[in-house]
Amino acid sequence: KKTENQLLVIFGASGDLTARKLVPSLFNLYVARQLPKNFIVLGTSRSDMTDNEFRNRVVLDSKYLKPKLEDLQKDYIEGFSNSFFYEDLGGSYNTHYGRLQKRIEDLDTKYGLDGNVIYYFSTPPTLYQPIAKRLGDVGLNNQQNGWKRVIVEKPFGYDLETAKELNSGLQEHFAETQIYRIDHYLGKETVQNLLVTRFANTIFEPLWNRNYIHHVEVTNAESVGVEKRGGYYDTSGALRDMFQNHLLQIVSLIVMEPPIGDAPEDIRNEKVKALKSLRVMTDPEVLKSHTIRGQYVGSEIKGEKIKGYREEDGVAKDSTTETYAAIKFFVDNWRWKDVPFYVRTAKRMPTKVTEVVIHFKSPHHHIFENSGVNNKDNKLIIRIQPDEGILMKFGVKVPGQGFKVERANLDFYYSSLAETRVMEAYERLLLDCMQGDATLYARSDEVEAAWQFVDPILTYWNKTEDVRMYGYAAGVWGPENADELIEGIGYWRNPSE
Ligand code: BG6
């Protein structure tokens, strides 16, 4: 696909995301020669900085880029850093839009950017609407001369109501087709591979339904705590931070029907349908038995003291924000009726891993009854990260007398594709937006459908006094009570198994 000449304006350019993700992704595109011929980055934020200070900060002296810059020629690095410029936007991102407009026009003329602009909103979310409005006020949303696109970082709202407000606030100034809501999980190769596994093979799809699938498990575990983001995290929690967006995106790809083609709207329409078919839980009894929340408490791992969540900087001492969430739910449609989904996400787990496990039903009539309980069912394990790949577990005969069955693996790992460079998520998504491809971006109705499902859980957790908050020691697989959720089904697959 062709990438047209363009300007990338980053709001929040002095922030962590710009240095940690955006600029390194742009650098990878530069090295891979995938940036357009004429391409300029204009950083903006509240800080006062010169162009050179900005270049030093995000490129030349950046600790995130350093490993990539070693052994490269000075000229080559400068070829990249010289395309970075900076303009400050005043204390509240409120003023100076006339100046910004002038700067954009000047850069456009000088560097031949053909009037094409991406505005990347990486500021605190309360600023998204005001910035969109200011851009609209000075006509910077005008597409008469070149296209204009907006990339918005999560969170997309705090609940359904605020998500709707945000969507309509943005849509007052930009058409939905101009708005790209980024969910970096969709940029992960293995998440996209869910679509290919399902719809480019004949062997899985015939089994991908209630007749053959017993239950579905999705685990997202991080070994880190909230790091330096306690202040933000304490207003968010696991359900808002990971489940509403990243995990429900993964769920939508597991649940969706085959799209009619690979056009962005073909795929996005099916994802919305999938999200709308999740059974919204409102009955307190159901919510009680289908949801579990927890918080990590201080512990010691290999002699190192680990802080509990409530002792982290920026976190309230009596915080009731969850760092662990496990949800059981059903999908009300023809394909999935009565198949339970178990989805969990947490910080301070024993390891960092994200995986999907499709548990198939046991054979209807098992003739090798004595072969061991756990050896009966097939599992398809889609490893999103790390060790990206796919694993199929199936029974084989143990050599020797009788019919003892043991599980064996058929596996594929991305790392064995030695010749292929797997793009990083942000890199892939940025390039897609530069080319006007919104397939891997969340549409407004997708975001709202996800909130529709999550809202009642949050309300129940926040309003009901007898909802327990289970503590779990940092470094274990969450509260023991989470096993109750999956009782009758078996046990959570803790991914080192
Ligand atoms: C972010 C969350 O969206 O995703 C973080 O805000 C989380 O809390 C991160 O750590 C996880 O992303 P990844 O790609 O490391 O799994």
Side-chain angles (χ1 to χ4, degrees), residues 12 15-22 24-25 28 64 120-125 128 151-158 163 180-194 218-251 253 293-296 306-307 309 312-315 319 321-325 343-356 382-389 414 422-430 440-442 446-447 450-451 454 458 474 478 495:
D16 183 55
L17 186 83
T18 305
R20 193 163 49 90
K21 293 285 183 195
L22 302 186
S25 298
N28 288 352
Y64 301 106
Y120 199 116
F121 293 3
S122 158
T123 60
Y128 295 164
I151 301 183
V152 195
E153 269 293 331
K154 73 171 241 281
F156 313 124
Y158 187 73
Y180 290 67
R181 293 174 196 78
I182 199 162
D183 186 304
H184 80 279
Y185 267 58
L186 288 175
K188 294 184 194 273
E189 210 46 64
T190 38
V191 173
Q192 296 157 37
N193 192 43
L194 266 166
V218 182
T219 291
N220 167 268
E222 288 184 277
S223 46
V224 294
V226 291
E227 300 178 287
K228 290 188 185 134
R229 298 158 72 229
Y232 147 76
Y233 196 88
D234 210 32
T235 63
S236 172
L239 213 56
R240 287 193 176 93
D241 186 51
M242 290 296 303
F243 182 86
Q244 186 275 340
N245 36 70
H246 307 320
L247 293 179
L248 285 184
Q249 283 291 341
I250 294 176
V251 166
L253 296 172
R293 60 178 180 170
Q295 225 177 39
Y296 59 86
I306 308 284
K307 274 188 192 170
Y309 176 66
E312 300 270 17
D313 287 345
V315 173
S319 169
T321 301
E322 78 286 356
T323 60
Y324 177 102
V343 180
R344 60 181 174 161
T345 175
K347 301 260 185 210
R348 283 284 182 221
M349 296 275 102
T351 181
K352 178 174 171 75
V353 65
T354 305
E355 67 170 31
V356 172
I382 300 168
R383 184 59 88 94
I384 310 262
Q385 63 188 22
D387 303 333
E388 291 82 351
Y414 270 85
V422 176
M423 278 179 138
E424 282 170 30
Y426 270 94
E427 182 186 341
R428 164 70 203 268
L429 292 173
L430 270 172
L440 299 175
Y441 283 87
E446 253 176 82
V447 172
W451 277 119
V454 170
L458 285 169

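One-based numbering, in listed order, for ligands and for the atoms of each.
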Every residue of the protein that comes under 4.0 Å of ligand 1, judged on heavy atoms: K154, H184, Y185, K188, E222, R229, D241, M242, H246, K347, K352, Q385

Under 3.5 Å side-chain donor-acceptor pair for E227 and Y233: no

Lys/Arg cation over aromatic Y309: R348, 6.0 Å, 45° cone: no

Kindly list each side-chain donor-acceptor pair under 3.5 angstrom involving residues 180-189, sequence neighbours excluded, with atom names and distances?
| unit_1 | atom_1 | unit_2 | atom_2 | d |
| --- | --- | --- | --- | --- |
| R181 | NE | N167 | OD1 | 3.2 |
| R181 | NH1 | E176 | OE2 | 2.9 |
| R181 | NH1 | A442 | O | 3.1 |
| R181 | NH2 | N167 | OD1 | 3.2 |
| R181 | NH2 | E176 | OE1 | 2.9 |
| D183 | OD1 | Y185 | N | 3.1 |
| D183 | OD1 | H246 | ND1 | 2.8 |
| D183 | OD2 | H246 | N | 3.4 |
| D183 | OD2 | H246 | ND1 | 3.4 |
| Y185 | OH | N220 | ND2 | 3.1 |
| Y185 | OH | Q385 | NE2 | 3.2 |
| K188 | NZ | Q385 | OE1 | 2.6 |

T351: side-chain contact (heavy atoms from CB on, under 4.5 Å) partners, not counting sequence neighbours: V353, W477

No-hydrogen, no-angle side-chain donor-acceptor test under 3.5 Å, Y414 and D387: no

For A450, side-chain contact (heavy atoms from CB on, under 4.5 Å) partners two or more places apart: Q244, L248

